[in-house]
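Not measured: the values here are computed from a predicted model. Heavy atoms only: backbone and side chains are in, while hydrogens, waters and symmetry mates are out.
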Amino acid sequence: MKLLLKWLAQRNRHRSALERRANYGFFAGLVGIISNLILFALKIVIGLISGSIAIITDAVNNLSDMLSSIVTVIGFKMAEKKPDHDHPYGHERSETIAGFLISMVILFVGFEFTITSVKKIITPVAVTYAPAIYVILGLSIALKMWQVMFYHQVGKTIDSLTLVATAKDSQNDVYTTIAVLLSAIIQNLTGWHLDGYVGLAVAIYILISAITMIRSFISSLLGHQPEDALLAKMTTLLDDSTAILGYHDLMVHQYGPNSIFATVHIELDSGWSLNHAHKVIDKIEHDFWHQQHIHMVCHVDPIDIRSRKSAKIYEAVQMVIAHYRLGLQTHDFHVERLVNGDHLIQFDVIVPDSVKVSDDELLVGINHDLRKILGDVTAEITFDHNYAMHDHTLI
């Protein structure tokens with residue numbers, strides 16, 4: 001396997017990340033098609049000869065694996081397509097859809113195996129196993145274990161949930177075939193009919209694994225919080241930008257492992273010229289693309305770091321927010337003096353998921369409390385929920 005992976009790496013060393021990923025996935029799919037076709041042919045023959053429902057079911061399971069490999073190949077080839085007019089964010093989620101379809105196939109096989117096992121428990125049938133059958137089942141287990149390691153290594157190399165799911169499916173197949181082999185040995189030695197019971201236990205395991213994978217792929221399609229490792233890379237890049245005062249409201253949208261779009265609010269000195277501010281955020285966006293291959297868009301938040309009046313109002317806001325004891329945090333703080341002499345205060349409040357008070361109730365309460373302290377002021381508040389990271393804001 002090491003030689004095969006080394007050959008793959010050598011073959012794709014000069015390709016782009018997207019092409020490299022597609023080629024790895026395509027090759028893994030071809031390996032799955034060929035190996036599972038061989039396993040299906042061997043098992044269906046010995047299953048029909050011996051009359052073993054368990055072996056026939058295991059053979060059908062390998063056939064479904066072959067079909068899943070075909071879906072994987074199609075998914076990776078579609079993911080390789082470049083963005084077009086109808087799909088400006090690319091086609092990488094085709095791989096996720098392929099993984100979801102694989103999980104559905106696994107779920108179907110689990111149900112079929114459950115039904116077959118229950119029937120065999122109700123009506124046990126004696127099965128005759130020739131020595132050659134044990135050899136073939138043993139070789140099948142060895143080949144499936146190789147598949148597990150191969151899919152897992154390739155999936156880890158290209159960070160593919162689809163191939164990780166395929167490795168999990170191959171691992172399920174190892175347990176299935178081991179169960180069939182053990183029940184055959186025990187039946188020959190003792191005459192006990194254990195095929196149905198062992199098969200039912202394996203079927204339940206397969207069903208649980210399939211449901212877990214389906215949930216994972218649905219979460220990916222719906223959009224989920226970015227991985228901690230990705231957030232750490234993004235935070236490091238932003239922390240390295242010494243020209244900025246702070247940052248917050250980081251939002252990440254992933255359309256595949258190589259198609260990541262993000263936005264962030266960057267706090268800059270309000271005394272800077274527009275050209276200078278643009279130069280700073282342009283460098284941040286440039287660094288994100290060339291260092292992490294992330295499409296970053298920065299929103300500028302000018303911060304008045306010299307106004308004593310603003311500092312006094314900010315202290316009052318923090319005192320009011322802390323009074324609620326709800327774990328609220330603020331950012332994006334601005335103070336504007338109106339023509340009538342009053343002050344308009346604008347800021348965002350981060351609301352933890354555990355808070356049950358509505359945004360409207362908080363808005364009315366905070367405005368009421370601020371007026372008691374500061375007089376004629378109006379607070380325009382934006383309430384933020386479910387952000388991916390803690391703020392790194394100056395104020």
Side-chain angles (χ1 to χ4, degrees), residues 219-239 241 244-255 260-270 277 280-281 284-285 288 292 294-305 310-311 313-336 343-371 373-374 377-395:
S219 177
S220 181
L221 289 171
L222 289 176
H224 55 76
Q225 289 279 39
E227 299 293 333
D228 291 339
L230 176 61
L231 285 179
K233 292 177 183 177
M234 300 177 77
T235 300
T236 299
L237 271 178
L238 290 168
D239 287 339
S241 302
I244 67 177
L245 299 175
Y247 57 92
H248 54 87
D249 285 12
L250 176 64
M251 302 291 288
V252 182
H253 306 275
Q254 290 185 259
Y255 296 88
I260 304 174
F261 296 79
T263 61
V264 67
H265 288 216
I266 301 293
E267 295 174 350
L268 301 176
D269 187 345
S270 61
V280 171
I281 65 169
I284 294 174
E285 293 171 350
F288 265 88
Q292 298 297 337
I294 295 173
H295 302 268
M296 173 61 78
V297 176
C298 298
H299 169 81
V300 174
D301 281 337
I303 302 296
D304 187 353
I305 59 176
S310 295
I313 294 175
Y314 176 76
E315 290 176 1
V317 168
Q318 294 308 308
M319 184 174 65
V320 169
I321 293 297
H323 176 72
Y324 283 85
R325 300 181 183 274
L326 296 174
L328 306 176
Q329 298 180 18
T330 66
H331 60 236
D332 212 356
F333 183 80
H334 296 278
V335 177
E336 180 181 347
H343 288 86
L344 173 64
I345 311 171
Q346 298 171 315
F347 57 93
D348 292 7
V349 173
I350 303 175
V351 183
D353 292 338
S354 58
V355 173
K356 304 303 180 184
V357 183
S358 70
D359 291 351
D360 289 338
E361 290 177 284
L362 288 173
L363 177 62
V364 172
I366 293 172
N367 265 291
H368 178 267
D369 294 341
L370 286 175
R371 289 193 185 101
I373 299 172
L374 300 172
V377 298
T378 300
E380 287 187 357
I381 307 173
T382 300
F383 294 95
D384 298 336
H385 299 266
N386 300 322
Y387 272 97
M389 58 177 286
H390 295 296
D391 287 343
H392 295 249
T393 182
L394 176 67
I395 61 174

Residues at least two apart in sequence or cross-chain that pass side chain to side chain donor-acceptor pair (under 3.5 Å) with Glu315, listed by chain then number, are none

Taken in chain and number order and not counting sequence neighbours, the residues that satisfy side-chain contact (heavy atoms from CB on, under 4.5 Å) with Thr263 are Met251, Val297

Ser358 meets the side-chain contact (heavy atoms from CB on, under 4.5 Å) criterion, sequence neighbours left out, with Asp360, Glu361

With sequence neighbours left out, the residues meeting salt bridge (Lys or Arg N to Asp or Glu O under 4.0 Å) with Asp369 are none

>> Quick one, Ile284 with Val264, criterion side-chain contact (heavy atoms from CB on, under 4.5 Å). Give me CA distance, side-chain angles, the key distance, then yes/no.
In response: CA-CA 10 Å; Ile284 294 174; Val264 67; 5.6 Å; no

The reported gap from CD in Gln318 to CZ in Phe347 (rounded to nearest 0.5 angstrom) is 8.5 Å

Take Phe333 and Ile345 through the test side-chain contact (heavy atoms from CB on, under 4.5 Å) and record every step on the way to the result. CA-CA 8 Å; Phe333 183 80; Ile345 311 171; 3.6 Å; yes

Residues passing the side-chain contact (heavy atoms from CB on, under 4.5 Å) test with His368, sequence neighbours excluded, are Lys372

request  = Scan side-chain atoms only and decide if Asp348 and His248 contain a donor-acceptor pair under the 3.5 Å cut-off.
outcome  = no

On a heavy-atom basis, the closest approach of Gly327 and Pro352 is O-CG, 3.5 Å

Closest heavy-atom pair, Leu268 versus Leu245, reported as atoms and distance to 0.1 Å, is C-CD1, 3.6 Å

Q) Taking the six-membered ring where the residue is Trp, are the ring centres of His295 and Phe261 under 6.0 Å apart? A) yes

Result for side-chain contact (heavy atoms from CB on, under 4.5 Å) between Val349 and one of Ile321, Thr382, Val317 points to Ile321

Val280 vs Ile266 side-chain heavy atoms within contact, under 4.5 Å
no

- Any side-chain heavy atom of Val351 sitting closer than 4.5 Å to one from Val357? no

In this structure, CG of Asp301 is separated from OH of Tyr247 (nearest 0.5 Å) by 14.5 Å

Residues Ser241 and Leu237: closest non-hydrogen pair is OG-O, 3.3 Å

Rounding to 0.5 Å, atoms CG (Leu370) and CD1 (Ile313) come to a distance of 9.5 Å

Hits for side chain to side chain donor-acceptor pair (under 3.5 Å) against Glu336, two or more places apart or cross-chain, chain-then-number order -> none

Regarding His331 and Asp384, is there a side-chain donor-to-acceptor distance under 3.5 Å anywhere? yes

To the nearest 0.5 Å, atom CD of Glu380 lies from atom CG of Leu344 at 4.5 Å

So CD1 of Ile260 and CD of Gln254: to nearest 0.5 Å the spacing works out to 4.5 Å

With sequence neighbours left out, the residues meeting side chain to side chain donor-acceptor pair (under 3.5 Å) with His323 are none

For Val355 and Leu326, the nearest pair of non-hydrogen atoms, with its separation, is CG2-O, 3.5 Å

Before giving the answer on side-chain contact (heavy atoms from CB on, under 4.5 Å), spell out for Ile294 and Lys233 the whole-Å C-alpha distance, their side-chain angles and the decisive distance to 0.1 Å. CA-CA 11 Å; Ile294 295 173; Lys233 292 177 183 177; over 6 Å; no

The side-chain contact (heavy atoms from CB on, under 4.5 Å) partners of Leu363 (sequence neighbours excluded) come to Asn367, Ile381, Phe383

NE2 (His265) and CG (Asp249) are apart, to the nearest 0.5 Å, by 4.5 Å

- Query: Is a side-chain donor or acceptor of Tyr324 paired with a backbone partner of Ile366 at a separation under 3.5 angstrom?
  - Reply: yes

Donor-acceptor under 3.5 Å (Glu285 side chain, Cys298 main chain)
yes

Across all chains, not counting sequence neighbours, the ring-ring contact (aromatic ring centres under 6.0 Å, His included) partners of His334 are none

Does a side-chain heavy-atom distance below 4.5 Å link Arg371 with Thr378?
-> yes

